[in-house]
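This report refers to the structure that appears directly beneath it.
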Amino acid sequence: FDLLAGLVGSILEVISEADRDETQLLMDFRQRCLLTGQQIEFQTNEGQASGVCLGLNESGKLRVLGASGEVEIESGEANLIRTVG
């Protein structure tokens, strides 16, 4: 129980910090995004699509440059396309 209480306390502290400084939180996520600059696949309402990940926008959506232009992914799954070379 003590471990769980400590974990919950830490999570609440991080959430509190995020509420105070959303800009820093977004910058941290941008620095850690492993998909930025990479070719990815993702699902749209029209079906499977692919493109180059441009990173996160100001709202935290994933920006992707695909064949039909730039799209923003709000939720779902994006997968890195691995190339054999």
Side-chain angles (χ1 to χ4, degrees):
F1 181 76
D2 289 339
L3 177 64
L4 182 59
L7 181 60
V8 170
S10 294
I11 291 171
L12 291 175
E13 184 178 322
V14 169
I15 291 171
S16 178
E17 287 176 18
D19 283 344
R20 286 192 299 267
D21 194 357
E22 293 177 12
T23 303
Q24 183 62 46
L25 181 65
L26 184 57
M27 287 174 43
D28 290 346
F29 270 99
R30 283 180 173 152
Q31 289 176 348
R32 290 177 175 88
C33 181
L34 299 177
L35 297 178
T36 300
Q38 303 294 319
Q39 186 75 21
I40 62 170
E41 292 180 327
F42 55 97
Q43 189 70 29
T44 69
N45 292 336
E46 292 79 34
Q48 191 76 12
S50 65
V52 175
C53 177
L54 301 175
L56 301 173
N57 71 9
E58 293 302 316
S59 300
K61 295 177 184 175
L62 196 63
R63 298 173 48 229
V64 181
L65 182 59
S68 60
E70 186 175 324
V71 296
E72 295 178 340
I73 303 171
E74 185 170 1
S75 65
E77 184 176 315
N79 298 303
L80 181 64
I81 297 175
R82 301 194 190 281
T83 57
V84 177

Cluster link Phe42 to Val52, ILVMFWY, side chain under 4.5 Å: no

Candidate list Glu72, Glu74, Glu58, Glu70, test salt bridge (Lys or Arg N to Asp or Glu O under 4.0 Å), partner Arg63, passing option: Glu70

To the nearest 0.5 Å, what is the distance between [atom1] on [X] and [atom2] on [Y]?
X	Y	atom1	atom2	answer
Gln38	Leu54	CD	CG	12.0 Å
Arg30	Asn57	CZ	CG	7.5 Å
Ser68	Glu46	OG	CD	8.0 Å
Ile81	Cys53	CD1	SG	11.5 Å
Lys61	Ile73	NZ	CD1	11.5 Å

Heavy-atom pair with the smallest gap, counting every atom of Thr36 and Cys33: OG1-SG, 3.3 Å

Neighbour count above 12 (heavy atom, 6.0 Å) for Leu12 CG: yes

Sub-4.5 Å side-chain heavy-atom contact between Val64 and Ile40: yes

Any residue meeting salt bridge (charged side-chain N to carboxylate O under 4.0 Å, His left out) with Glu77, in chain and number order, not counting sequence neighbours: none

Leu56/Leu62 under side chain to side chain contact (heavy atoms under 4.5 Å, CB included): CA gap, chis, key distance, verdict: CA-CA 5 Å; Leu56 301 173; Leu62 196 63; 3.9 Å; yes

